[in-house]
Each structure stands twice: as structure tokens, then as C-alpha cells.
Amino acid sequence: METLTNTPLSGEVLDEIIEKHRGRPGMLLTTLEEVQEKNPLKYLPCETLTEVSKKMNIPYTQVYGVATFYSYFNLKPQGKHTVVVCRGTACHTKGSKALLDDVAAIVGIGRGADGSDSSYTTSDNLFTVRTVACFGQCAQSPVVEVDGVIHSNVNTQKLLKIMNRIKKEKPKK
Ligand code: FES
């Protein structure tokens with residue numbers, strides 16, 4: 001499998017994005033969205049926020065405020081694939097804790113660097129694992145979302161199938 005590296009956006013790419021959105025309504029939001037989208041690890045590093053602040057002539061506190069207000073923005077590197085395990089009551093009673101442990105075993109990590117199991121990214125940046133309080137699909141619990149696709153009534157076998165399919169995916173050229 002490939003390994004994603006943490007390469008920051010070049011100054012030219014950043015300038016291009018900023019110029020594209022300059023003067024438009026909601027320019028800070030749309031600029032940050034595109035900057036994050038273009039980052040190979042789908043996040044906004046502190047240095048990038050500083051650069052955006054300087055280049056757009058917007059106070060850093062305002063840029064940081066937007067980046068932390070919207071849950072869409074990530075301040076930490078994200079894996080190529082995202083697995084979200086629901087830890088709400090309905091899913092918990094149907095075994096979501098065991099599924100979370102299964103995911104950890106499959107991606108090869110037990111806990112995040114801070115010891116929590118609510119969000120972590122593997123060292124090769126291929127997987128980010130998160131939990132959510134409820135997907136609003138309790139009748140189909142336990143629920144797991146993989147790369148934006150919701151999977152219901154998940155059990156270990158089903159999870160293994162999904163994860164194996166992803167692990168076998170060829171990297172896009
Ligand atoms: S508790 Fe998992 S979807 Fe509601």
C-alpha cells in the first residue's frame with residue numbers, strides 16, 4: 001500500500017487559491033475549504049493558517065476562529081480513508097465497541113497518540129478512525145461510515161469485507 005506524506009502546499013498554489021476567491025462573498029470560508037481540499041492530508045496546518053491570514057490581510061484569530069468553528073475543517077492530518085464508528089446507545093448495545101476494536105486491529109493501531117480512541121490517524125496516514133455520538137440511523141445499528149458511505153447492521157465479518165476491499169484498492173495515479 002502507498003504511504004501519504006505530509007507535504008505542505010506550495011506558496012504558488014496557495015496564492016492561486018486566494019486570488020480565485022478574493023473579493024467574493026464568504027471568501028475566507030471558500031478559500032479555507034479549497035486549501036484543505038488541496039492538502040494531501042486534508043487538513044489546515046498552523047503554518048497554512050498563518051500564511052492565509054497574512055496573504056488575505058485578515059487577523060489570524062479570525063482565520064483560526066473559522067477553522068475551528070466548522071467541524072468540516074481538520075487541524076490534524078487526516079488519513080486517505082476515514083472510518084467513523086457510531087458510539088451512541090443503540091449502536092453500543094449492538095456491539096459497536098467491539099467493532100471499534102476490530103477497526104483498530106485491522107488498521108494496525110490500538111489508540112491515538114494521546115491515548116484516546118475517539119480519533120486517531122495511522123502513522124502511514126492511510127486511515128483516520130473516529131467515533132460519532134449518533135448517525136440518526138439507530139434502527140440499523142450498529143452503524144459504521146467508511147469514506148462517507150454508511151453501512152448498517154455491521155458485524156465483524158461485514159466490517160472485515162469492507163476494510164479488505166479498501167486495503168486492496170489501487171492508489172489513484
Ligand atoms: S446510536 Fe448509532 S445511529 Fe444512533
Side-chain angles (χ1 to χ4, degrees), residues 1-6 25-26 28-46 48-49 62-172:
M1 280 183 100
E2 67 182 321
T3 300
L4 298 179
T5 51
N6 196 354
L28 177 56
L29 199 58
T30 49
T31 298
L32 290 178
E33 276 174 3
E34 190 169 344
V35 168
Q36 177 172 285
E37 199 47 45
K38 289 263 161 65
N39 183 298
L41 300 179
K42 305 285 181 251
Y43 84 115
L44 297 168
C46 180
T48 301
L49 294 179
Q62 194 181 334
V63 175
Y64 184 78
V66 168
T68 50
F69 181 79
Y70 295 95
S71 60
Y72 168 79
F73 293 121
N74 307 307
L75 298 183
K76 288 197 286 187
Q78 300 298 295
K80 182 183 175 199
H81 302 286
T82 306
V83 182
V84 187
V85 179
C86 181
R87 292 290 291 126
T89 309
C91 288
H92 178 75
T93 53
K94 295 270 195 75
S96 70
K97 176 68 176 79
L99 288 176
L100 192 58
D101 292 342
D102 289 342
V103 172
I106 294 167
V107 302
I109 191 168
R111 293 284 182 270
D114 59 357
S116 77
D117 61 1
S118 62
S119 175
Y120 58 84
T121 297
T122 55
S123 56
D124 55 7
N125 293 312
L126 283 174
F127 293 98
T128 290
V129 180
R130 277 197 223 118
T131 58
V132 72
C134 180
F135 278 115
Q137 310 223 0
C138 312
Q140 277 95 45
S141 59
V143 178
V144 176
E145 184 193 85
V146 181
D147 291 342
V149 178
I150 295 274
H151 299 271
S152 48
N153 301 307
V154 179
N155 55 29
T156 301
Q157 287 73 20
K158 194 167 174 179
L159 181 68
L160 263 174
K161 238 182 177 175
I162 298 164
M163 297 296 287
N164 281 337
R165 200 181 321 134
I166 284 179
K167 285 176 112 179
K168 279 187 198 144
E169 261 180 24
K170 295 245 182 306
K172 287 184 186 117

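For clarity, every value in this text was computed on a predicted model and none was experimentally measured. Only heavy atoms go into these numbers, but all of them, side chains included; no hydrogens, no water, no symmetry mates. In each ligand, atom 1 is the first atom listed, and ligand 1 is the first ligand listed.
Within the protein, the N, O or S atoms lying under 2.8 Å from atom 4 (Fe) of ligand 1 are Cys134 SG, Cys138 SG.
In this structure, Phe69 places its CZ atom where only 12 or fewer heavy-atom neighbours from other residues, nucleotides or ligands lie under 6.0 Å away. Within a 6.0 Å sphere centred on CZ of Phe73, heavy atoms belonging to other residues, nucleotides or ligands number more than 12.
Each of Asp101, Val154, Val103, Asp102 was evaluated against Val85; a single residue qualifies, Val103, per the side chain to side chain contact (heavy atoms under 4.5 Å, CB included) test. Tested against Gln78 for a side chain to side chain donor-acceptor pair (under 3.5 Å), the candidates Lys42, Arg130, Gln36 yield a single pass: Arg130.
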Taking only distance into account, with no hydrogens and no angle test, what donor-acceptor pairs under 3.5 Å do side-chain atoms of residues 135-143 form with protein atoms, sequence neighbours excluded?
unit_1	atom_1	unit_2	atom_2	d
Ser141	OG	Cys138	O	2.9

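Annotation: the span from Ile150 atom CD1 to Cys86 atom SG amounts to 8.5 Å, rounded to 0.5 Å.
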